[in-house]
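One structure below.
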Amino acid sequence: MEKGLISVDRWDEQSQAYFLTHLHADHTQGLSHRWKRGPLFCSPITSRLFPARFPGFNLSLIRVLEIGSPHLIYLVSPSSGSEIAVRVTAIDAVHCPGAVMYLFCGEFGSMLYTGDFRWEANSDKAHIGKSQICSVLQGNELDFLYLDNTYCNPLFSFPPRDVVAQQVVDIIASHPDYDIIIGLDTLGKEELLLHISCALKTKIWVWPERLQTMHLLELSDVFTTNTALTRVRAVPRYCLTIKNLEGLNSVHPTIGIVPSGLPWVRPVEGKDSSVGSDISVCCTSKRSRKSRVAVDVSQVVAPKFPKLLHQRLYSVPYSDHSCFSELQEFIKFVKPAKMRGIVSSSVCYVNPSYYFRDLCEDSQYHQQVDQSSESVEVIQSESFSGCNKSNVARGRKSSDKVSGLGVRKRRVSISRRERIGARIAEMDSTS
DNA sequence: GCGATCAGGT
DNA sequence: CACACCTGATCGC
């Protein structure tokens, strides 16, 4: 596809149409109430939540795409001035309420941008999404896939969300005399709370802004801001600290639960604090990635059980991103000719082609990926120089200089999720 | 003063 | 190790 036409989850470029996958803050960075660059496409649920997140936003620029229904938009080729028809279909990404993938089709071919997504094996919603993709592609192959590669590493393996939700219920039920606090973000994991509410026949306390969100999601009857009505409370994740937990325990016995796809804490030296049998391992080494023998799987046990981070704080592997095996299954299903990851961050960035190129249909592509065996390292240095450049340009204090050790704190600088979103232009790129 | 961006934290 | 989000410092306007 030609440059200058479409941007997904990116707002800093000149495009003719903008697409928002979901309302997590890291995907809306750069979007503000003064927006006037062009039409902003999103899902029905996102459009319902949108005004509360962006008060004063010119809502006439919002275009709502019904899930699963192809929608035709017309753009103008910047080079030739001719009209370009693009058929776009929003598909439920099952990441958080309103989160969607976008499937674009046109003369340029087909392109699927997953955004953040979790499609569990045998999930009904994933099954519906798959049928919608099939119905749009009509037997044609997918030319390009932009993939949520957050957990694109065989180390990342966790159970389906419903299994983990039951683990949480079991933890709560086995602490009948305790208050429970669960750390949550501003959006997402509602299904977990509903499961708890239903299984334990209890309402759940949420903070006022979260209740407003629940109201917009038409879930308000399960939730309350009255602490007297329940012992189960959802709090902003940043509030669920060990210090706060200890404070609460000086008043009433309380346990904390952090649902996250990231229970990847190194085991404490000499002992494993897991509730079940659980060993967590960090990133694979550069060497192992380069040699394409990803990891010594025999040394890894996925965290399939709740983990005790502290005497009163549990971590459960409840993830809204697909784990490695789900990504693998997804790619086998869509059979893209080419692909690239949408999350390019730091040390753990994995070019999905590195593991999945054999599942791609384009045989020349296999050779290109082979030839760029250094791609993981290349991407890392690009991220690093980009980050540093902006610091230098703005004359900010750099942590390198502050350290006074002459040693660059490289890992600090690049350990963030630096680039989300895409300006749809380079479908031929191999990286 | 305000919003945007960044570092550093959980 | 990283998700999504916080606070606080600093920048330009």
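Hydrogens, waters and symmetry mates are skipped; everything else that's a heavy atom, side chains included, is used. Chain naming here is simple, since letters A, B, ... match the order of the sequence lines and numbering starts at 1 in each. If you're wondering where the values come from, they're calculated on a predicted model, not measured in any experiment.
Phosphate proximity of dA4(C) to His321(A): present, with a side-chain N or O under 4.0 Å from OP1 or OP2. Note on Ser32(A): a side-chain N or O is less than 4.0 Å away from OP1 or OP2 of dA4(B). Contact annotation: His22(A) side-chain N/O to dC3(C) OP1/OP2 distance is not under 4.0 Å.
Residues from residues 184-194 of chain A placing a heavy atom under 4.0 Å of any atom in DNA chain C, listed by number, are Asp185(A), Thr186(A).
Computed from coordinates, the Phe117(A) CZ to dC3(C) C1' distance equals 16 Å when rounded to whole Å. Distance NE2 (His24(A)) to C1' (dA4(C)): 7 Å, rounded to an integer number of Å. Rounding to whole angstrom units, CZ of residue Arg34(A) and C1' of dC2(B) are separated by 9 Å. Whole-Å rounding puts the Asp320(A) CG to dC3(C) C1' distance at 10 Å. Here the P atom of nucleotide dC3(C) and the OH atom of Tyr318(A) are 18 Å apart, to the nearest Å.
Minimum atom distance to the side chain of Thr241(A) is reached by dT10(B), of the listed dC3(C), dA4(C), dT10(B). With dC5(C), dA4(B), dC3(C) as the candidates, the nucleotide lying closest to the side chain of Tyr151(A) is dC3(C). Which of dC5(C), dA2(C), dA4(C) sits closest to the side chain of Ala25(A) comes down to dC5(C).
Ring pair Phe156(A)/Phe158(A): centre-to-centre distance not below 6.0 Å.
Within the 4.0 angstrom heavy-atom criterion, only backbone atoms of the sugar-phosphate kind lie near His95(A); the bases stay farther away.
Defined by atom type and a distance below 3.5 Å, a donor-acceptor pair is present between the side-chain atoms of Thr21(A) and Asp9(A). With 3.5 Å as the limit, one finds a donor-acceptor pair spanning the side chains of His27(A) and Asp116(A).
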Sequence neighbours excluded and cut-off under 3.5 Å, please list the side-chain donor-acceptor pairs for residues 191-198 of chain A, or say none.
unit_1: His195(A); atom_1: NE2; unit_2: Gln166(A); atom_2: OE1; d: 3.0
unit_1: Ser197(A); atom_1: OG; unit_2: Thr202(A); atom_2: O; d: 2.7

Identify each donor-acceptor pair in which a side-chain atom of residues 48-56 of chain A lies under 3.5 Å from a protein atom, sequence neighbours left out, and give them as a table.
unit_1: Arg48(A); atom_1: NH1; unit_2: Leu216(A); atom_2: O; d: 2.8
unit_1: Arg53(A); atom_1: NH1; unit_2: Thr186(A); atom_2: OG1; d: 3.3
unit_1: Arg53(A); atom_1: NH2; unit_2: Thr186(A); atom_2: O; d: 3.4

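Shown are Val232(A), Ile255(A), Val235(A); of these, the side-chain contact (heavy atoms from CB on, under 4.5 Å) with Ile182(A) is made only by Val232(A).
For Thr224(A) against Thr230(A), the heavy-atom pair with the smallest separation is CG2-CG2, 4.2 Å.
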